[in-house]
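As structure tokens, the structure follows; a few thoughts come after it.
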Amino acid sequence: MIDDDDDYELIPFSVVKAEAMKNPEFVAAYAAHKMHKKMVADLKAMRIAESLTQEDIAKRTGIKKQNISRFENGAACPTLNTVSRYAVALGGTFEFKKLS
């Protein structure tokens, strides 16, 4: 039960994020999350540009279509193996590159 006498202050996300960004572990996890989202968006954009369906990728990779969908919509975090197989299905590769 919530006591009406308690005051709750809403803190803007920007303030919470700024505080969290002082933690090196958070910074690393945040950068990895952003990189993951970009990678998924790039793979999906390439699939669409090649006029391929999720079913086409599923057939080429042996990964279930529903897992391709979950991967593309952010509901699942794929393994490196899954990302590599998806990239190969599009005629590409997955490679490490140092950020400059």
Side-chain angles (χ1 to χ4, degrees):
M1 180 173 173
I2 297 176
D3 185 351
D4 290 332
D5 292 334
D6 290 338
D7 289 329
Y8 293 96
E9 180 180 343
L10 294 178
I11 302 170
F13 177 73
S14 59
V15 172
V16 174
K17 181 180 173 188
E19 184 64 28
M21 292 299 275
K22 295 175 184 176
N23 179 330
E25 289 178 20
F26 178 84
V27 171
Y30 185 73
H33 175 72
K34 286 179 64 174
M35 184 175 23
H36 171 80
K37 286 183 70 166
K38 182 181 180 335
M39 176 188 59
V40 170
D42 289 350
L43 287 171
K44 182 178 178 180
M46 180 59 72
R47 175 182 64 77
I48 292 169
E50 295 290 324
S51 300
L52 295 170
T53 65
Q54 291 178 344
E55 185 65 36
D56 294 329
I57 298 297
K59 288 177 183 173
R60 291 180 181 192
T61 61
I63 300 167
K64 293 180 181 179
K65 183 211 171 276
Q66 60 264 35
N67 291 338
I68 299 295
S69 176
R70 291 177 66 229
F71 167 53
E72 287 187 356
N73 71 29
C77 186
T79 64
L80 180 57
N81 182 41
T82 300
V83 172
S84 297
R85 289 165 59 192
Y86 193 120
V88 168
L90 291 169
T93 63
F94 177 77
E95 65 181 45
F96 170 78
K97 170 174 93 171
K98 185 174 179 177
L99 301 174
S100 44

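If you're wondering where the values come from, they're calculated on a predicted model, not measured in any experiment.
Applying the salt bridge (charged side-chain N to carboxylate O under 4.0 Å, His left out) test to residues at least two apart or on different chains, the pairs with a partner in residues 70-84 are Arg47-Glu72.
Contacts of Asp42 classified as side-chain hydrogen bond (donor to acceptor under 3.5 Å, both in side chains), with partners at least two apart in sequence or in another chain: Lys38. For Thr79, the side-chain hydrogen bond (donor to acceptor under 3.5 Å, both in side chains) partners are Thr82, not counting sequence neighbours. For the side chain to side chain contact (heavy atoms under 4.5 Å, CB included) test, residues two or more places apart in sequence or in another chain that qualify with Met39 are His36, Leu43, Val83, Phe94. Lys64 meets the side chain to side chain contact (heavy atoms under 4.5 Å, CB included) test with Gln66, Asn67; sequence neighbours excluded. Partners of Arg85 under the side chain to side chain contact (heavy atoms under 4.5 Å, CB included) rule, at least two apart in sequence or in another chain, are Thr61, Ile63, Asn81. Residues passing the side-chain hydrogen bond (donor to acceptor under 3.5 Å, both in side chains) test with Lys22 are Glu19, sequence neighbours excluded. For Glu55, the side chain to side chain contact (heavy atoms under 4.5 Å, CB included) criterion is met by Thr53, Lys59, Lys65, not counting sequence neighbours.
In the hydrophobic clustering (ILVMFWY side chains linked at under 4.5 Å, chained through shared members), Met21 is joined by Phe26, Val27, Tyr30. Under a 4.5 Å side-chain heavy-atom cut-off, the cluster of Ile, Leu, Val, Met, Phe, Trp and Tyr residues that includes Ile48 has no other member. Under a 4.5 Å side-chain heavy-atom cut-off, the cluster of Ile, Leu, Val, Met, Phe, Trp and Tyr residues that includes Ile11 is completed by Val15, Val16. Hydrophobic cluster membership of Phe13, counting Ile, Leu, Val, Met, Phe, Trp and Tyr whose side-chain heavy atoms lie under 4.5 Å apart directly or via other members: none, as it forms a cluster of its own.
Distance check, rounded to the nearest 0.5 Å: CD1 of Ile57 to CE of Met46 gives 10.5 Å. In this structure, Gln54 CD and Tyr86 OH are separated by 7.0 Å, a value rounded to the nearest 0.5 Å.
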Applying side chain to side chain contact (heavy atoms under 4.5 Å, CB included), run through Leu52 and Arg60 and close with a yes or a no. CA-CA 11 Å; Leu52 295 170; Arg60 291 180 181 192; 3.6 Å; yes
